[in-house]
Visitor: 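First the structure, then my questions, so here it is.
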Number of protein chains: 2
Amino acid sequence: MPRPSTPLLSPDRIRSVALAIIDRDGLDGLSMRKLAAELGVQAASLYGHVRTKDQLLNDVAATILSSVDVSGFSSGWREGLIRCARSYREALSSHPNIVPFLAYGPAGREESLRRLDILHGALVDAGWSRREATMIAAGLMYIVFGSALSSFSSGFSSDPADYTGRYPHLDRAHLLPGVARELDRDSFELALAAFVRGL
Amino acid sequence: MPRPSTPLLSPDRIRSVALAIIDRDGLDGLSMRKLAAELGVQAASLYGHVRTKDQLLNDVAATILSSVDVSGFSSGWREGLIRCARSYREALSSHPNIVPFLAYGPAGREESLRRLDILHGALVDAGWSRREATMIAAGLMYIVFGSALSSFSSGFSSDPADYTGRYPHLDRAHLLPGVARELDRDSFELALAAFVRGL
DNA sequence: CCCATTAACCGAACAGTGTTAGGTTAACTC
DNA sequence: GAGTTAACCTAACACTGTTCGGTTAATGGG
């Protein structure tokens, strides 16, 4: 195929299809050839619009992070932390398959830094020292990312035989997958509430 | 090379060299061919001792998790949670490069489950409901894994120009890498203390 | 002691990965 | 209308995990 009359590819379209594949097939399910195929194109053509796969993943991550809202600090820093964490988690849990990538690479992402900056500033304004603000922000991220990885409740088997006998206290762990979604959110809320209350 | 007089390979040796490569070159730095080369062997030979690379990584992870101590619940559940979390984090932070793998796959690992079972039982014995115990254990894992991923302080650039101007509150973020180790630990301790206190 | 079996390794290959170089043709600009 | 650029292509490279079939040494039985 020569140059088409209307371009088949655009960074936006590539990002959106890439994210759709990740949501559907997981992070390992995304390959440049598969992505190209779903865009009706050959793999090499992608590299006219995207520098590298890693960069593409970073771009996809950035668009997800751009929906995080850290502007809820008007009614006190405790409430602000909670709102910020909820917004963060909501963004991540709507695309859980990309979280391992987020957690893997360095945090030096544009979108991530901008939000961290605001969070840090709000905490300092509330009277925390700079160092304390850094640690509190880090702690909040621990809970957000830890819960978003969700290798916990959703990582359990639904076969009772995997637990009975061997793990006496986990004899109902096979029920976890059924309530994973709810339990994940409740665990997150519990951890978040305890953390903020304990500060 | 035919069959050698004394075997070159053993599951133990394979695991230990694999872990050394991961520690040195990162998770992506481990390939079966490189692993084989460092063992003085061809890649195909590994498959007589290891079923698959994923299984090998699980085995390596298991040996790391086996050093986690969850037996500190004799002086109260709060102290027990803290000791358990510290032990977990210590095990993970001594091999940070394998944490993404740990966080990626399901939690259904033998070693992981056994410890979770004990933790869960100790919390129920302390008077928490089963559901609460599950959520508290999950929250503790959030903090442990979140801090072990440590894509925070160690993920910052050491070039001041990356921050000044653009992120007013992060104008000293370039100093973070120098104190990353200490700051990571302090952030973990802060989050852990706040979480346990807030329960 | 010899023979059959098994265990340990190797070479070569397969299908898949990200990525690049060089070619072809349509659309745009002067 | 000619020249340039942009968008796609084919083909290839150097990898990856894994498997198949072969080769040889150690081991156990009669």
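Chain letters run A, B, ... following the sequence lines, proteins first and then strands; every chain starts at 1.
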Visitor: Does NZ or CZ of A:Arg172 lie under 6.0 Å from the centre of the six-membered ring of A:Tyr163, at an angle within 45° of the ring axis?
Guide: no

Visitor: Rounded to the nearest Å, what distance is computed from the CG atom of residue A:Leu27 to the C1' atom of nucleotide C:dT17?
Guide: 14 Å

Visitor: Taking atom types as modelled, is there a side-chain donor on A:Asp12 or A:Ser10 under 3.5 Å from an acceptor on the other?
Guide: no

Visitor: Are there over 12 heavy-atom neighbours, none belonging to A:Glu90, within less than 6.0 Å of that residue's CD?
Guide: no

Visitor: Send over the distance from B:Leu9 CG to C:dA7 C1', rounded to a whole Å.
Guide: 12 Å

Visitor: Given atom CG of A:Asn58 and atom P of C:dG18, what is their separation to the nearest angstrom?
Guide: 16 Å

Visitor: Heavy-atom distance under 4.5 Å between the side chains of A:Pro11 and A:Val50, does that happen here?
Guide: no

Visitor: Around atom CZ of B:Arg51, are there more than 12 heavy atoms from other residues, nucleotides or ligands closer than 6.0 Å?
Guide: no

Visitor: Tell me the interatomic distance from A:Asp28, atom CG, to D:dG17, atom P, rounded to whole angstroms.
Guide: 13 Å

Visitor: List in numerical order all residues of residues 42-52 of chain B for which some heavy atom is under 4.0 Å away from an atom belonging to DNA chain C.
Guide: B:Gln42, B:Ala44, B:Ser45, B:His49

Visitor: Could you state the atom-to-atom distance from CD of A:Gln55 to C1' of C:dT20 in whole Å?
Guide: 18 Å

Visitor: A:Ser187 versus B:Tyr142: any side-chain heavy-atom pair under 4.5 Å?
Guide: yes

Visitor: Rounding to a whole Å, what distance do you find between B:Leu39:CG and C:dC9:C1'?
Guide: 13 Å

Visitor: Determine the contact category for B:Leu30: base if any of its heavy atoms lies under 4.0 Å from a base atom, sugar-phosphate if only primed atoms, P, OP1 or OP2 are that close, otherwise nothing.
Guide: sugar-phosphate

Visitor: Taking N and O atoms by type only, does the side chain of A:Arg33 place a donor or acceptor under 3.5 Å from a partner on the base of C:dG16?
Guide: no

Visitor: Please state how far atom CE in A:Met32 lies from atom C1' in C:dA15, giving the value in whole angstrom units.
Guide: 19 Å

Visitor: How many Å lie between NZ on A:Lys34 and C1' on C:dT17, as a whole number?
Guide: 13 Å

